[in-house]
Novice: 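Sharing a structure with you now.
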There are 2 protein chains.
Amino acid sequence: MAIEHAILVSLLEQPGSGYELARRFERSIGYFWTATHQQIYRVLKRMENDGWVDVRAVVQQGRPDKKEYSVADLGRAALTSWLHDPIEPESVRHDLAVKIRGAAFDDPSALLREVERHRQAHADRLARYLAGEDRDFGGHTDGGSYGPEGAERELQHVVLRGGITYERMMIAWLDDVLATLHRFRAER
Amino acid sequence: MAIEHAILVSLLEQPGSGYELARRFERSIGYFWTATHQQIYRVLKRMENDGWVDVRAVVQQGRPDKKEYSVADLGRAALTSWLHDPIEPESVRHDLAVKIRGAAFDDPSALLREVERHRQAHADRLARYLAGEDRDFGGHTDGGSYGPEGAERELQHVVLRGGITYERMMIAWLDDVLATLHRFRAER
DNA sequence: TCTTGCTATGCACTTTGTTGCATAGGCAAG
DNA sequence: CTTGCCTATGCAACAAAGTGCATAGCAAGA
């Protein structure tokens, strides 16, 4: 099982609607898990049927009403049980690596541009992460915002540091790839 | 599209049977793409119907006969076309990161063991990668083996270096996670 | 008022991936 | 000669995920 647990964690950190969850999956949680809104609504419905979450209709002004979900006891229990279950170390899926090995059988120039694009995308993500880190975990104690505190905050931070480390690694590796491709092209 | 291209690249590097491909997906290609044999056989059949690959029955002694697949012109063209198509930077799926954020709502001791297990798994993988690097790309010119040469070899190497860099990063990050969890536990 | 855009929710279809099961040849050890 | 293991291929059922489409409230500006 999978996305259910990411949703449970997100709802424990902060109850919210499907729409809000979808937006969190574009940032924060999205650093290590992606999900479309269709998927989220579908899973939320199932979780509601299974009694994992409670729903509350929230009337809003100036925008459509929404359904706010929060974690029910059954959901909390399901999460705890999952947290105690060992999981397999993730298996990666790197299309780009396939392309790189495929470049041996093709003109490398197109790949060069592709790798540069990816490098840029990772540099952008890194910048976003660093901005987020400064905003949410920078030294300043923002009296106005009510973010999570203590352990919750520290654990969010260490996960974000993971994202930052990952992006830095990718950039370094893509530089290695670029250098290799340039060498390869020069040889022809 | 996805696994088709990984298979095409693998078959270009070296023709082989479904069984052999499945084993490559446990090593080499498996560093950045996973696939079960069921999946591979299914896709190979489709690729054969589409004329992407050619089949040749190979009679073997001491073991069951096999079907050796190699890339046909149509497959080669399909690969080239894919190589020239831009792809989206991969989206990650880190169950462990979900668990780490979930640990804020649970006893962290269980997670501590889990993270240590993962750290060990990554250290093991790193050791395997490094051994493979030494074997296949170490300075020695092994006159007896006929590995790929030139660009193909260099590109395989840079992908392997990516795997090595990734595992090193994961180990470093998991150490950070462990330290954070220890601190969290000490605070209680 | 018409269009654009954001909030908000959802269905239907298709593709992909996973799990379980089944078959079969041959080797080696007990 | 039976059991276990490796090679080798495949089907069927199911679960998960992605893609496309549809609806609707409300606001702001052209």
Side-chain angles (χ1 to χ4, degrees), chain A residues 1-8 11 15-27 29-30 32-50 53 55-69 82 87-88 90-95 98, chain B residues 1-7 11 15-27 29-30 32-50 53 55-69 78 82 85 87-95 98:
Chain A
M1 219 153 280
I3 196 186
E4 279 86 341
H5 304 110
I7 290 178
L8 286 171
L11 288 180
S17 67
Y19 188 79
E20 281 159 357
L21 281 170
R23 298 191 57 194
R24 288 184 211 168
F25 273 90
E26 285 167 7
R27 43 184 308 293
I29 303 276
F32 48 88
W33 203 284
T34 54
T36 58
H37 74 270
Q38 291 92 334
Q39 218 180 329
I40 289 166
Y41 284 119
R42 196 197 302 155
V43 172
L44 274 176
K45 182 130 293 182
R46 184 167 68 235
M47 291 168 78
E48 190 190 336
N49 289 335
D50 293 349
V53 290
V55 204
R56 194 171 65 94
V58 175
V59 180
Q60 298 189 114
Q61 299 154 317
R63 50 175 64 181
D65 300 347
K66 67 175 180 180
K67 298 191 204 169
E68 194 180 78
Y69 290 88
W82 177 71
I87 50 173
E88 289 302 303
E90 358 58 59
S91 49
V92 260
R93 280 288 156 90
H94 277 277
D95 297 66
V98 179
Chain B
M1 218 156 279
I3 197 186
E4 280 86 341
H5 304 110
I7 289 178
L11 288 179
S17 67
Y19 188 79
E20 281 159 356
L21 281 170
R23 297 192 58 195
R24 289 183 212 169
F25 274 90
E26 286 167 6
R27 42 183 307 292
I29 303 276
F32 48 88
W33 203 282
T34 53
T36 60
H37 74 268
Q38 291 93 333
Q39 220 181 327
I40 289 165
Y41 284 119
R42 195 201 298 159
V43 172
L44 274 176
K45 182 130 295 182
R46 184 168 67 234
M47 290 169 80
E48 190 190 337
N49 289 335
D50 293 348
V53 291
V55 204
R56 193 170 66 92
V58 174
V59 180
Q60 298 190 113
Q61 299 154 318
R63 50 175 65 181
D65 299 347
K66 66 174 180 181
K67 297 192 205 169
E68 195 182 78
Y69 290 88
W82 177 70
D85 266 2
I87 50 173
E88 289 302 302
E90 357 58 59
S91 48
V92 260
R93 280 288 156 89
H94 278 275
D95 296 66
V98 180

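Residue numbers begin at 1 in each chain, while the letters A, B, ... track the order of the sequences.
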Novice: Rounding to an integer number of Å, can you tell me how far B:Gln60 CD sits from D:dT7 C1'?
Specialist: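 Whole-Å distance recorded here is 8 Å.
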Novice: Which whole-number value in Å describes the distance from B:Glu26 CD to D:dA8 P?
Specialist: 13 Å
Novice: Look at all strands and tell whether B:Gln38 reaches a base, only sugar-phosphate, or nothing, counting heavy atoms closer than 4.0 Å.
Specialist: base
Novice: Per the atom types in the model, does the base of D:dA16 pair as donor or acceptor with the side chain of A:Arg42 at under 3.5 Å?
Specialist: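 Absent.
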Novice: Verify the contact: side-chain N or O of A:Arg63 to OP1 or OP2 of C:dA8, cut-off strictly under 4.0 Å; return yes or no.
Specialist: yes
Novice: Find the distance A:Leu44:CG to C:dC11:P and express it as a whole number of Å.
Specialist: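 Result: 12 Å.
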Novice: Looking only at heavy atoms, which two atoms of A:Pro15 and A:Arg24 are closest? And how far apart?
Specialist: O-NH2, 3.3 Å
Novice: Just how far, in rounded Å, is P of D:dT7 from CD of B:Glu20?
Specialist: 10 Å
Novice: On DNA chain D, compare the nucleotides closest to A:Ala35 and A:Asp65; which residue's is nearer the 5' end?
Specialist: A:Ala35
Novice: Looking at B:Lys45, I'd like to know whether one of its side-chain N or O atoms comes within less than 4.0 Å of OP1 or OP2 on D:dG10.
Specialist: yes
Novice: Would you call A:Arg93 and B:Thr34 a side-chain contact if the rule is heavy atoms closer than 4.5 Å?
Specialist: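 Yes. Closest side-chain heavy atoms under 4.5 Å.
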Novice: Counting only side-chain N and O atoms of A:Arg23, is one of them less than 4.0 Å from OP1 or OP2 of C:dA8?
Specialist: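 Answer is no, no contact under 4.0 Å.
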Novice: A:Ile40 versus A:Tyr19: any side-chain heavy-atom pair under 4.5 Å?
Specialist: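 Not touching, per the 4.5 Å side-chain cut-off.
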Novice: Between A:Tyr69 (OH) and C:dA8 (C1'), how many Å, whole number?
Specialist: 11 Å
Novice: Does some side-chain heavy atom of A:Met47 sit less than 4.5 Å from a side-chain heavy atom of A:Glu4?
Specialist: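 The answer is yes, as the side chains (C-beta and beyond) meet within the 4.5 Å cut-off.
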Novice: Quick one: is C:dT9 close enough that its OP1 or OP2 comes under 4.0 Å of any side-chain N or O from A:Ser17?
Specialist: yes
Novice: For C:dT9, does either OP1 or OP2 sit under 4.0 Å from a side-chain N or O belonging to A:Tyr41?
Specialist: yes
Novice: Nearest to the side chain of B:Gln39 - C:dT7, C:dT18, D:dT9?
Specialist: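 Of the candidates, C:dT18 comes closest.
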Novice: Could you tell me how far apart B:Leu21 (CG) and D:dA8 (P) are, to the nearest whole angstrom?
Specialist: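 In whole Å, D:dA8 P lies 12 Å from B:Leu21 CG.
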Novice: Categorize A:Arg46 for me: base, sugar-phosphate, or nothing, with a 4.0 angstrom heavy-atom threshold over every strand shown.
Specialist: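 The residue A:Arg46 makes no contact with any strand.
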Novice: Is the distance from OP1 or OP2 of D:dT9 to the nearest side-chain N or O of B:Tyr19 less than 4.0 Å?
Specialist: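 Checking B:Tyr19 against D:dT9: no side-chain N or O falls below 4.0 Å of OP1 or OP2.
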Novice: Rounded to whole angstrom units, what separation is found between the CD1 atom of A:Ile40 and the P atom of C:dT7?
Specialist: 15 Å
Novice: A:Phe25 CZ to D:dA17 P: how many Å, rounded?
Specialist: 11 Å
Novice: Within the structure, does a side-chain N or O atom of A:Lys66 lie under 4.0 Å from either OP1 or OP2 of D:dG25?
Specialist: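 No.
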Novice: Kindly determine whether B:Val53 and B:Ile7 satisfy side chain to side chain contact (heavy atoms under 4.5 Å, CB included), including the steps that lead there.
Specialist: CA-CA 10 Å; B:Val53 291; B:Ile7 289 178; 5.7 Å; no
Novice: Kindly give the heavy-atom pair with the smallest separation between B:Ser17 and B:Lys66, and that separation in Å.
Specialist: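 B:Ser17 and B:Lys66 have their closest heavy atoms at CB-CD, 3.9 Å.
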Novice: Which sits closer to the 5' end of DNA chain D, B:Arg93 or B:His37, going by the nucleotide each is nearest to?
Specialist: B:His37
